[in-house]
Structures are given as C-alpha cells and as structure tokens.
Amino acid sequence: MQKALPLLLDGGSIILNASIAASKGMPGMSVYSATKAAVRSFARGWTVDLKARKIRVNAISPGPIDTPGVKSLGLTEAQLEQFKTDIVGAVPLARMGRADEIASAALFLASDDSSYVTGVELFVDGGMAQI
C-alpha cells in the first residue's frame, strides 16, 4: 500500500478484501480470521489517514462464494457437497454467493454512487454474519 499510495489520485477509492471470518467464529479458522480482522482495521485507520486527500477506504466482507477455489480445499466430491450443504444451512438466503455479486459491490464502492461512503465494512454474505 505504501508504494501504491503516491500513485492514487486524490478523491480515489480503495477497496480491501476482508471476510465474514473476521466477525464470525469458525472452527479451524482463527489465524485466517485474525488476518481478516486486521484488514478491517486497516480500512478504519486508512480512512482517517487519507481523509485530507478525500480518498475513501472501504472493506468488502464476502460470505461463502461458490468459486473454483472451493474445489481446492482437498475434499472428496461427497465431502465437498456436504461442506456446501452445511454452509448454505448457515446462510439466511439459503445459497452460496456468486463472484459477480462481490464484483457488483466492489463496483458500487469504487463508483461515485458511494461518494459519501467511507470506513465501512460491506458484508456481501447473504446475511450469514448478521445473525
């Protein structure tokens, strides 16, 4: 970030990729969760640090997203299906998210439509971290 900051124009937007894991305890995820909580903290700190340059800093916290990366967990097909079933059971909207839904949220935060939004953590998680 230190190297990129001089290249950013005043009035720009920084979007950090956090995770609901920073807010919701999950087994075996403590280190990952801590790193994502740090990302959220960076968004808060940088919001204050960059306010004079009117650079907005926000974080997106996705929930479970159905991407090819899910298959890289090293699970058998049966385990993968059970994993997805278990995850979906914890999501109020009863499905995994799609990558394009995260992209749409990022596009909003990068656009002038969010010109009065800074320092937020936008959960794109089907409600999973909220209840």
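Residue numbers count from 1 along this sequence.
- Leu107 forms part of no hydrophobic cluster, judged by ILVMFWY side-chain heavy-atom separations under 4.5 Å.
- Taking every heavy atom of both residues into account, Ser61 and Ala18 meet most closely at OG-CB, 3.3 Å.
- Not counting sequence neighbours, the partners of Glu101 by the salt bridge (Lys or Arg N to Asp or Glu O under 4.0 Å) test are Arg95, Arg98.
- Applying the side chain to side chain donor-acceptor pair (under 3.5 Å) definition to pairs two or more places apart or across chains, those involving residues 1-16 are Asp10-Arg53.
- For the atom pair NZ of Lys24 and OG of Ser19, the computed distance is 11.5 Å after rounding to the nearest 0.5 Å.
- When the side chain to side chain donor-acceptor pair (under 3.5 Å) test is applied to Gln82, the partners found at least two apart in sequence or on another chain are Asp86.
- The side chain to side chain donor-acceptor pair (under 3.5 Å) analysis of residues 66-75, with sequence neighbours excluded, yields the pairs Asp66-Lys84.
- In this structure, Ile14 belongs to a hydrophobic cluster whose other members, linked by side-chain heavy atoms under 4.5 Å apart, are Met1, Leu5, Leu8, Leu16, Val39, Phe42, Trp46, Leu50, Ile55, Val57.
- Residue pairs meeting the side chain to side chain donor-acceptor pair (under 3.5 Å) criterion with at least one member in residues 104-116, sequence neighbours excluded: Arg56-Ser114.
- Among residue pairs with one or both ends in residues 27-44, those qualifying as side chain to side chain donor-acceptor pair (under 3.5 Å) are Arg40-Glu121; sequence neighbours excluded.
- If you chain together ILVMFWY residues whose side-chain heavy atoms come under 4.5 Å of each other, Ile60 ends up grouped with Ile15, Ile65, Ile102, Phe108, Leu109, Val117, Val120, Leu122, Val124.
- Closest heavy-atom contact between Ala22 and Ala37: CB-N, 3.4 Å.
- With sequence neighbours left out, the side-chain contact (heavy atoms from CB on, under 4.5 Å) criterion links Leu75 to Leu73, Gln79, Leu80, Phe83.
- Under a 4.5 Å side-chain heavy-atom cut-off, the cluster of Ile, Leu, Val, Met, Phe, Trp and Tyr residues that includes Ile131 has no other member.
- The closest donor-acceptor contact from the side chain of Asn58 to the backbone of Gly119 lies under 3.5 Å.
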